[in-house]
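Below, chain A is the first sequence line, B the second, and so on; all start at residue 1.
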Amino acid sequence: MIPLFVAIPLGAAFIIPLMSKVREGSARWIATGSALALLCLSVSSLWWVQKGALVYSVGGWKPPFGICMVLDNLTVLVLLVINLIGFLVLLYSLDYIKKYTAPSLYYTLFSLLLAGLNGLAVSGDLFNLFVFLEIASISSYALIAFGTEAEELEASFKYLVLGNVADLLILFAIGVLFGRASTLNMADLARSLQSISLTDPVLYATALFIVGFGLKTALVPFHAWLPDAHPAAPAPMSAMLSGVVIKVVGVYALTRVVFNVIGITPLISSVLMVLGIISMAAGVLLAIGQWDFKRLLAYHSISQIGYVVFGIGLGTPLGVAGGLFHLFNHSLFKSLLFLNSGAVEHATGTRDLRKLGGLCRTMPVTSATSLIASLSIAGVPPLCGFWSKLLIIMAAFQAGHTAGAVVCILTALVTLASFLKVQKFAFLRAAEGLCEGVREVPFFMLCAMVLLALLCIAAGVFFPPFLELVVKPAAQVVLEGRRYAGFVLGG
Amino acid sequence: MSLYALCFILFSIGLYCLLVKRNLVKKIIGLGIAEYAVNLFFILLGFKENAEAPILDKYTASQNFVDPLPQALILTSIVIGLGVTAVMVAISVRIYEKYRTFDIREIRRLKG
């Protein structure tokens with residue numbers, strides 16, 4: 001069953017251009033249908049991994065020699081994030097993308113992106129991971145430039161340059177590890193690195209991995225491309241980029257490589273924590289002064305990813321669980337906020353908060369869902385953002401990193417302030433010129449936003465069973481570290 | 001060892017060109033150089049002095065083969081590089097249509 005996660009979207013990406021030659025309207029339904037199938041598969045994969053991790057050997061070649069795909073609890077969490085957000089974003093695109101020419105190309109690229117992300121999540125082989133990372137990256141470069149306006153092309157080129165530097169560094173690091181251990185299978189690599197431990201070449205490769213994946217995640221010293229690239233894309237694509245791509249391509253890949261292959265040490269852990277804290281603080285401080293709705297959200301993505309990396313970097317059971325839970329929650333509320341900004345832009349034609357106003361009367365659904373998302377991201381109980389932030393802060397206090405915990409709390413306060421600003425300027429204050437007589441957005445866009453808002457509330461209210469069922473087992477995989485090798489290779 | 005050093009220098013030249021040059025086309029060339037340096041690095045990892053191509057049949061006399069795995073990987077990596085270069089060239093052509101220049105200093109409508 002595991003190859004289906006790659007085969008379905010890849011197949012859809014090939015069929016869509018062919019079918020849209022026959023009937024122009026069919027592309028949207030093929031893309032949405034395949035995304036729905038993927039969502040069902042990822043939900044049902046929750047049950048498959050109950051008895052332990054599944055390993056699929058491509059072409060029947062057994063793991064240390066052939067390529068393998070691995071489905072463990074961490075993978076399941078990531079697949080759930082990718083396919084849930086992917087499906088809802090496609091649902092939203094059904095109406096939104098009509099205003100662009102050549103929508104069938106959009107759906108093709110989107111399916112390719114899903115194939116790349118899913119492949120990255122299930123890959124058990126380091127080079128294979130790189131190939132899927134490239135598939136995901138290339139389709140996101142193209143999707144950012146989809147509007148082909150001057151700003152979009154410029155943002156896409158900026159992302160291309162920095163993204164490629166990241167890819168080269170990652171490939172270089174893979175080469176260094178291969179030179180040291182003569183294997184590319186992640187489990188086998190973990191096993192052979194155990195005897196070598198952290199000698200200089202491995203440490204060098206780790207540094208390259210952290211810089212490479214850090215660039216992809218947009219952690220703060222490497223964040224320059226994100227505030228340009230994410231707002232430039234079409235709104236559903238921004239939701240996908242901020243909600244899913246930076247997490248899977250950056251945080252998940254980094255966690256997998258650093259924890260399960262190389263093995264965490266106090267040095268690496270403190271590097272991750274410092275990067276997390278800097279991103280948290282700098283991201284939110286840059287965000288609060290922004291007037292472009294989407295740019296403000298993009299800076300908040302940097303800040304919230306800081307929480308995730310800080311939590312995972314703590315390396316304690318509570319910290320990792322908090323980080324992964326925040327990863328899931330952030331994908332819900334940040335995608336929702338980007339979809340809201342897209343709806344606002346769709347209805348009024350502007351994203352400048354100074355020109356907006358009074359939308360809570362004319363666009364009640366958008367306004368209500370954005371309120372839920374804003375409260376979630378700011379960490380107001382009982383919505384989902386609160387619990388994951390609470391877990392991270394508690395973990396930081398337990399581990400004795402008081403300074404980090406204090407930064408977490410302060411960041412949450414500034415986040416609240418900056419989203420109050422969004423609510424006030426865009427939705428609550430009296431309407432002026434541009435925003436008079438706007439109408440609520442079409443049905444499918446509303447549908448996606450309402451579903452995401454309900455999920456935000458559900459993840460907050462029913463967080464204990466979700467935490468036990470999905471997040472804790474995923475955190476367990478991270479914490480087991482190199483024992484990952486044992487259950488993949490069987491022994 | 002000197003081969004690895006040269007390879008690393010090549011990588012640095014490419015990276016320098018990619019990050020510092022102001023012309024979009026030169027950036028693309030820089031990316032190409034850096035990419036080939038990484039590819040060369042992989043090939044060097046599998047290289048052995050006086051070894052043969054790894055084809056096992058009854059005519060091969062020695063057992064001294066180069067490692068075939070990096071060569072297979074680099075074949076994939078070259079194709080990926082081609083894809084990335086194509087996207088980059090396509091986008092810079094569109095940028096030229098909009099801005100009428102390849103100079104990165106004049107392409108700055110986005111505030112950093």
Side-chain angles (χ1 to χ4, degrees), chain A residues 65 109 125-128 130-135 137-145 147-165 167-180 182-184 208 223-225 227-229 231-232 286 290 292 295, chain B residues 4 7-8 11 14-15 17-19 21 24 27-28 30-47 67 69-70 72-74 76-77 79-100 102 104 106-112:
Chain A
F65 308 107
L109 286 170
D125 179 285
L126 215 47
F127 192 77
N128 218 13
F130 173 75
V131 172
F132 282 119
L133 183 123
E134 283 288 343
I135 296 178
S137 305
I138 292 178
S139 39
S140 51
Y141 303 142
L143 279 167
I144 289 171
T148 62
E149 290 302 321
E151 289 85 4
E152 288 152 11
L153 292 166
E154 189 188 333
S156 175
F157 199 86
K158 207 170 177 181
Y159 183 26
L160 255 167
V161 170
L162 289 174
N164 271 317
V165 173
D167 294 336
L168 287 175
L169 293 178
I170 293 166
L171 187 58
F172 204 44
I174 293 174
V176 173
L177 283 188
F178 177 72
R180 200 74 185 82
S182 303
T183 179
L184 283 168
L208 286 174
H223 69 288
W225 59 271
D228 291 334
L286 288 166
Q290 298 296 324
D292 181 336
R295 212 174 166 80
Chain B
Y4 284 102
C7 176
F8 192 75
F11 182 71
L15 207 57
C17 186
L18 180 64
L19 296 178
K21 288 289 168 196
L24 295 187
K27 276 183 186 292
I28 298 173
L31 175 73
I33 295 173
E35 222 169 64
Y36 281 111
V38 177
N39 291 352
L40 185 63
F41 174 65
F42 263 84
I43 297 294
L44 282 176
L45 287 173
F47 177 73
D67 189 350
L69 188 62
L73 299 182
I74 287 321
T76 319
S77 165
V79 176
I80 292 172
L82 177 73
V84 171
T85 314
V87 174
M88 242 176 156
V89 170
I91 287 176
S92 41
V93 168
R94 297 303 282 269
I95 286 181
Y96 187 77
E97 284 173 6
K98 297 281 177 198
Y99 291 88
R100 287 282 150 206
F102 277 130
I104 201 80
E106 290 165 39
I107 307 174
R108 32 183 329 136
R109 286 196 203 163
L110 294 169
K111 40 187 194 292

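Annotation for B:Phe102: atom CZ counts as buried by contact number, over 12 foreign heavy atoms lying within 6.0 Å.
Using a 4.5 Å cut-off between heavy atoms, A:Ala145 touches chain B through its side chain atoms alone. The part of B:Phe8 that comes within reach of chain A is its side chain, from C-beta onward, which places non-hydrogen atoms under 4.5 angstrom from that chain. Proximity to chain B is limited to the side chain of A:Leu184, based on heavy atoms less than 4.5 angstrom apart. Heavy atoms of A:Phe127 lying under 4.5 Å from chain B belong exclusively to its side chain.
When all heavy atoms of A:Gly175 and B:Leu45 are compared, the closest pair comes out as O-CD1, 3.2 Å. Considering all non-hydrogen atoms of both residues, A:Glu151 and B:Tyr99 come closest at N-OH, 4.1 Å.
Ring orientation note: the planes of A:Phe178 and B:Phe42 are close to parallel, at an angle under 30° on the 30°/60° scale.
Among B:Ile80, B:Leu73, B:Val38, the residue making the largest number of heavy-atom pairs under 4.5 Å with chain A is B:Leu73. Between chain B and the residues A:Asn164, A:Asp167, A:Ile138, the largest count of heavy-atom pairs under 4.5 Å involves A:Asn164. The residue among B:Leu24, B:Ile28, B:Leu15 with the most heavy atom pairs within less than 4.5 Å of chain A is B:Leu24. Your options are B:Leu18, B:Val87, B:Val84, B:Ile104, and the one with the most heavy-atom pairs under 4.5 Å with chain A is B:Val84.
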Tell me which donor-acceptor pairs under 3.5 Å the side chains of residues 88-98 of chain B have, and how far apart each pair is, sequence neighbours excluded?
| from | atom 1 | to | atom 2 | distance (Å) |
| --- | --- | --- | --- | --- |
| B:Ser92 | OG | B:Met88 | O | 2.9 |
| B:Ser92 | OG | B:Val89 | O | 3.0 |
| B:Lys98 | NZ | A:Thr148 | O | 3.4 |

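Here the side chains of A:Leu168 and B:Phe11 are in contact, with some heavy-atom distance below 4.5 Å.
Residues forming a side chain to side chain donor-acceptor pair (under 3.5 Å) with B:Asp67 (at least two apart in sequence, or on another chain): none.
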